[in-house]
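Let me begin by presenting the structure, written as structure tokens, before commenting on it.
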Amino acid sequence: MKNVFTQKLIKWHENQNKRIMPWKGEKDAYRIWISEIILQQTRVEQGLSYYENFIQSFPTLGSLALAEDEMVFKLWEGLGYYSRCRNLIHSARHIHYNLGGKFPEKYDDLLQLKGIGPYTAAAISSFAYGLPHAVVDGNVFRVLSRVRGDFTAIDTTLGKQHYNEIAHCALDRRNTGEYNQAIMDFGATVCKPMLPLCTVCILNNDCKAFAEGWVNQLPVKEKRIIRKNRYLDYFVFTSGKTVLVKNREHKDIWQNLNEFYLYETEKESAWNAQTIQRFLQEQLGVEVYTVKKISDSYAQQLTHQNIKGRFIVIDLKTVPKSLTHFKSMAVESFAMLAFPKFINMFLDDYPLFGAEKDLDLL
DNA sequence: AAACCGGGGCT
DNA sequence: AGCCCAGGTTT
């Protein structure tokens with residue numbers, strides 16, 4: 001007989017949990033994998049449409065393994081944490097070409113795949129194969145720390161190990177997938193971070209934090225985030241109906257997404273006809289050009305960075321040698337590329353190729 | 001162990 | 001403005 005905590009969670013899941021999600025009860029490891037990667041550090045409501053689009057475009061592991069990188073990134077566009085997408089492509093191809101297309105089943109084998117850590121390995125092995133591994137995500141940390149009145153920090157190596165052991169003890173080994181579903185749904189809908197529903201909680205008589213009034217202090221985190229300011233100005237070089245675009249290959253935010261010519265500075269730049277001319281001549285060797293647009297300042301807040309900058313649209317007669325490493329993208333193919341939100345904010349305001357749309361309106 | 005990696009929603 | 005989200009990788 002399992003403890004009261006586990007019993008009540010399972011019962012709650014059967015009788016009261018009304019959360020419906022397309023991957024619930026799914027047994028196809030590939031689909032579970034896609035859903036779990038999409039949901040890493042991502043709310044269910046935000047990831048839902050991405051999951052639907054992804055499964056529709058790539059119904060099987062093989063179809064994903066054979067897809068072009070850019071198409072996969074386009075489907076991931078706007079979801080953030082783009083290394084997830086890179087790793088997804090890498091692991092799909094690895095399974096397809098090196099593992100005979102057969103998805104690994106054991107926890108340790110799943111852990112070997114890029115992009116799969118302890119949480120995702122536990123999720124796949126329990127949901128798809130019923131193996132006895134407890135998921136420990138943000139929900140589980142919160143539920144366990146509150147019920148136990150446990151002030152062990154959740155963002156330290158020791159703390160993670162601590163809650164992992166507790167989660168494993170609480171696991172219903174006969175029903176691992178359902179138990180894992182139950183505790184995460186419970187954390188997401190009842191034992192919520194901000195305004196938890198303690199008065200109607202089935203565990204409020206078993207909850208140490210509720211009894212002691214500690215609920216809003218738990219779970220404990222030690223680290224806090226520090227944001228740094230970055231000033232990114234983009235020169236959007238056009239030439240007729242083409243745009244100069246390149247892929248962000250270096251290790252930084254938005255790796256593998258596309259961008260224009262980037263000019264990053266320590267402080268906010270003041271651009272005018274004169275500073276633009278000097279920059280284009282001295283840095284890029286551009287003599288003949290037309291300034292089409294100097295945009296307003298755009299801002300975006302990331303978890304660890306504050307981004308700010310402008311977009312300067314320049315039409316060129318010819319492409320100088322300094323820009324030959326850029327791809328000249330035609331109108332038709334431009335929409336196939338994935339851009340960071342910061343750039344899409346500008347493109348939404350100032351469609352570079354909006355002429356077609358304007359014609360439709362006439 | 002600490003730093004890094006997005007974007008969105010809630011309070 | 002601060003916190004959190006079905007975390008993981010790199011340094």
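Heavy atoms only: backbone and side chains are in, while hydrogens, waters and symmetry mates are out. Fair warning: this is a prediction, and the values are worked out from it, not measured in the lab.
By the salt bridge (Lys or Arg N to Asp or Glu O under 4.0 Å) test, K27(A) pairs with no residue at all, sequence neighbours left out. Residues satisfying the ring-ring contact (aromatic ring centres under 6.0 Å, His included) test with Y263(A), not counting sequence neighbours, are W271(A), F279(A).
Think of I225(A) as one node in a network of Ile, Leu, Val, Met, Phe, Trp and Tyr side chains linked at under 4.5 Å; it has no links at all. L66(A) forms part of a hydrophobic cluster together with Y97(A), judged by ILVMFWY side-chain heavy-atom separations under 4.5 Å. Taking a 4.5 Å side-chain heavy-atom cut-off between Ile, Leu, Val, Met, Phe, Trp and Tyr, the cluster of V215(A) extends to F210(A).
At a threshold of 4.0 angstrom between heavy atoms, the contacts of R19(A) include nucleobase atoms, whether or not backbone atoms are also involved. Here W23(A) lies in heavy-atom contact (under 4.0 Å) with a base. Note on T156(A): nothing from the nucleic acid sits closer than 4.0 angstrom, heavy atoms only. Heavy atoms of M21(A) sit under 4.0 angstrom from at least one base atom.
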Generate the contact string for nucleotides 3-8 of chain B. Rules: B means base contact, S means sugar-phosphate contact only, - means no protein heavy atom under 4.0 Å. --BBBB

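Nucleotides of DNA chain C that come within less than 4.0 Å of any heavy atom of chain A span, from the 5' end to the 3' end, dC4(C) to dT11(C).
For the side-chain hydrogen bond (donor to acceptor under 3.5 Å, both in side chains) condition, the pairs that include at least one residue of residues 203-225 of chain A, sequence neighbours left out, are K8(A)-D206(A). The side-chain hydrogen bond (donor to acceptor under 3.5 Å, both in side chains) analysis of residues 309-321 of chain A, with sequence neighbours excluded, yields the pairs T238(A)-D315(A). Screening residues 124-140 of chain A for side-chain hydrogen bond (donor to acceptor under 3.5 Å, both in side chains) gives S126(A)-N180(A), D137(A)-N139(A), N139(A)-R142(A) as the qualifying pairs, with residues at least two apart or on separate chains.
Annotation: proximity of residues 180-202 of chain A to DNA chain C (heavy atom, distance under 4.0 Å) is found for Q181(A), M184(A), D185(A), P193(A), numbered in ascending order. Within a heavy-atom distance below 4.0 Å of DNA chain C, no residue of residues 143-151 of chain A is found.
Atom-to-atom, NZ of K221(A) to P of dA2(B) comes out at 15 Å; the value is rounded to the nearest Å.
Rounded to whole Å, the P atom of dC10(B) lies 13 Å from the corresponding atom of dA6(C). Between dG9(B) and dG8(C), the distance separating the two C1' atoms is 23 Å to the nearest Å.
The aromatic rings of F346(A) and F311(A) lie parallel to each other, their planes meeting at an angle below 30°, with 60° marking the opposite boundary.
Ion pairing of K102(A) with E105(A) is present here, as a side-chain N (NZ or NE/NH1/NH2) and a carboxylate O approach within less than 4.0 Å.
For the residue pair N256(A)/E249(A), the side-chain donor-acceptor check at 3.5 Å is not satisfied.
With R31(A) contributing its side chain and E26(A) its backbone, the two residues share no donor-acceptor pair below 3.5 Å.
With a 6.0 Å radius and a threshold of 12 heavy atoms from other residues, nucleotides or ligands, K308(A) has its NZ atom at or below the threshold.
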